[in-house]
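One structure is given here, and the rest of the page talks about it.
Letters A, B, ... are given to chains in the order of the sequence lines, protein chains preceding strands, and every chain is numbered from 1. Just so it is clear, the model here is predicted, and its values are computed rather than measured. Every heavy atom of this structure was used, including side-chain atoms; hydrogens, water molecules and symmetry mates were not.
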Amino acid sequence: MDSELLIAQLLRWYDSQGRILPWRENREVARSAKSRSAYLESPGPYRVWLSEIMLQQTTVATVIPYYNLFIKKWPNVHTLARASLDEVLACWAGLGYYARARNMHRCAKIISKKLNGKFPETEMDLMALPGIGSYTAAAITAIAFNQPAIAIDANVERVLSRLHAITEPLPKAKKMISTHAQSFIPNPRPGDFTQALMDLGATVCKPRQPSCYNCPWVKSCKAEAIGEADTFPRKLPKPARPERYGVAFWAVRRDGFILLRRRPEKGLLGGMMEVPGTEWRLEEWSEHELMETFPFIANWSRLPGSISHSFTHFKLQIIVYIAHIDGRIARNGGRWYKYSDFQNLALPTLTNKIIRHVREYTSY
DNA sequence: TACTCGTGGTG
DNA sequence: TCACCAAGAGT
């Protein structure tokens with residue numbers, strides 16, 4: 001294929017059809033100035049880095065409000081480095097993949113204190129930082145510093161799988177896709193090009209019902225040529241997700257405070273707050289078992305209904321027991337919180353679902 | 001390498 | 001309704 005032609009076609013498309021996003025405010029300037037080169041000035045590595053971390057496995061629409069909040073609260077890497085991890089996790093709550101927030105905070109401290117606030121500019125040096133892998137390193141190199149690199153994400157994998165009609169299923173096809181991607185390096189506008197490729201995948205070369213009639217590459221696309229664009233990329237079937245069962249214990253103190261606890265730093269929902277409960281196992285919990293599992297002696301009563309939540313590799317069904325407590329017992333690291341303090345806590349969506357469920361059935 | 005790690009939107 | 005999907009990284 002003629003790489004130079006493809007590059008020119010995609011950049012032309014990007015100049016008129018590329019998205020304007022909060023972490024691309026330079027594009028707004030470029031487009032309104034009708035500049036040929038949308039690359040006027042990078043938004044800066046901090047903004048590029050922050051957006052790329054948030055965008056890992058997360059949709060643009062979900063990220064935007066979080067990105068705006070973070071930029072407003074911590075406008076540069078030094079302010080973010082000075083924030084407490086608790087504060088960062090509380091602001092990240094609901095965005096998922098919480099290891100990202102912990103790694104991001106660690107990374108900010110390293111850049112602020114050890115690197116004098118200066119982001120590394122090569123993929124190798126960037127990848128040495130926590131939370132930055134091959135994709136994010138390439139994205140920062142290309143977008144923030146306009147140096148030759150191509151970030152290969154799920155969009156790019158899909159676009160190139162179709163362009164070359166790669167029948168090898170993912171993830172085995174990654175190596176071949178990467179080889180094809182290298183043919184676009186170097187090019188005159190590395191930052192714009194890598195974003196153009198992602199925009200094409202997000203708005204035209206979509207997973208389902210791709211708009212091939214709007215694609216600048218339609219004449220070169222091998223998958224489209226055989227009328228099977230939407231069948232690429234091929235993928236290996238995913239294993240079924242098992243159902244797990246858990247019980248949450250909603251303890252209310254006489255003054256109305258609720259017992260919550262912090263999850264361990266590592267693992268699922270690491271460092272986030274939860275309603276105390278049983279482990280999540282493959283077997284349902286019997287009433288008889290729970291008699292020995294309640295965190296303390298009280299008049300526990302079961303709330304009607306249940307909560308369903310879906311994680312990446314298993315589904316979870318939670319039932320809730322509620323009790324009013326006289327003493328100020330707080331076992332295994334739990335702490336009492338009042339409702340008005342909940343907004344400042346790192347509450348993941350699962351915990352919020354349990355809270356909402358309780359509020360439906362009680363007056364709290 | 002293959003598994004772990006969230007959540008919300010979509011068809 | 002539910003399986004699929006997303007600007008992946010760490011281990």
Looking across every strand, which nucleic acid part, if any, lies under 4.0 Å from A/L236 by heavy atom: base, sugar-phosphate, or nothing?
nothing
Look at all strands and tell whether A/T136 reaches a base, only sugar-phosphate, or nothing, counting heavy atoms closer than 4.0 Å.
sugar-phosphate
When all nucleic acid strands are considered with a 4.0 Å heavy-atom cut-off, which category describes A/P171: base, sugar-phosphate, or nothing?
nothing
Does A/R189 pair with A/D15 as a salt bridge, N-O distance under 4.0 Å?
yes
Reckon A/K353 touches a base, only the sugar-phosphate, or nothing at all at heavy-atom distances under 4.0 Å?
nothing
Does A/Y97 contact B/dG6 through a side-chain donor or acceptor facing the base, at a distance under 3.5 Å?
yes
Greater than 12 external heavy atoms within 6.0 Å of A/E228's CD:
yes
Using a heavy-atom cut-off of under 4.0 Å over every strand shown, decide if A/A154 touches base, sugar-phosphate, or nothing.
sugar-phosphate
Sugar-phosphate only, base, or nothing, as touched by A/K315 at under 4.0 Å among non-hydrogen atoms:
sugar-phosphate
Would you indicate what A/G94 reaches in the nucleic acid, counting non-hydrogen atoms under 4.0 angstrom: base, sugar-phosphate, or nothing?
sugar-phosphate
Can you say whether a donor on the side chain of A/R19 sits under 3.5 Å from an acceptor on the base of C/dA7, or the other way round?
yes
When you compare B/dG6 with C/dC4, how far apart are their C1' atoms, in angstrom units rounded to a whole number?
15 Å
Any donor and acceptor pair, going by atom type alone, linking the side chain of A/N146 with main-chain N or O of A/G191 inside 3.5 Å?
yes
What about A/T59: does its side chain form a donor-acceptor pair under 3.5 Å with the base of B/dG8?
no
Base, sugar-phosphate, or nothing for A/T58, non-hydrogen atoms under 4.0 angstrom?
base
Are A/L347 and A/M272 close enough that some pair of their side-chain heavy atoms sits under 4.5 Å apart?
no
Just checking A/I132: base, sugar-phosphate only, or nothing, at a heavy-atom cut-off of under 4.0 Å?
sugar-phosphate
Under 4.0 Å, counting only non-hydrogen atoms across every strand here, what does A/S134 touch: a base, just sugar-phosphate, or nothing?
sugar-phosphate
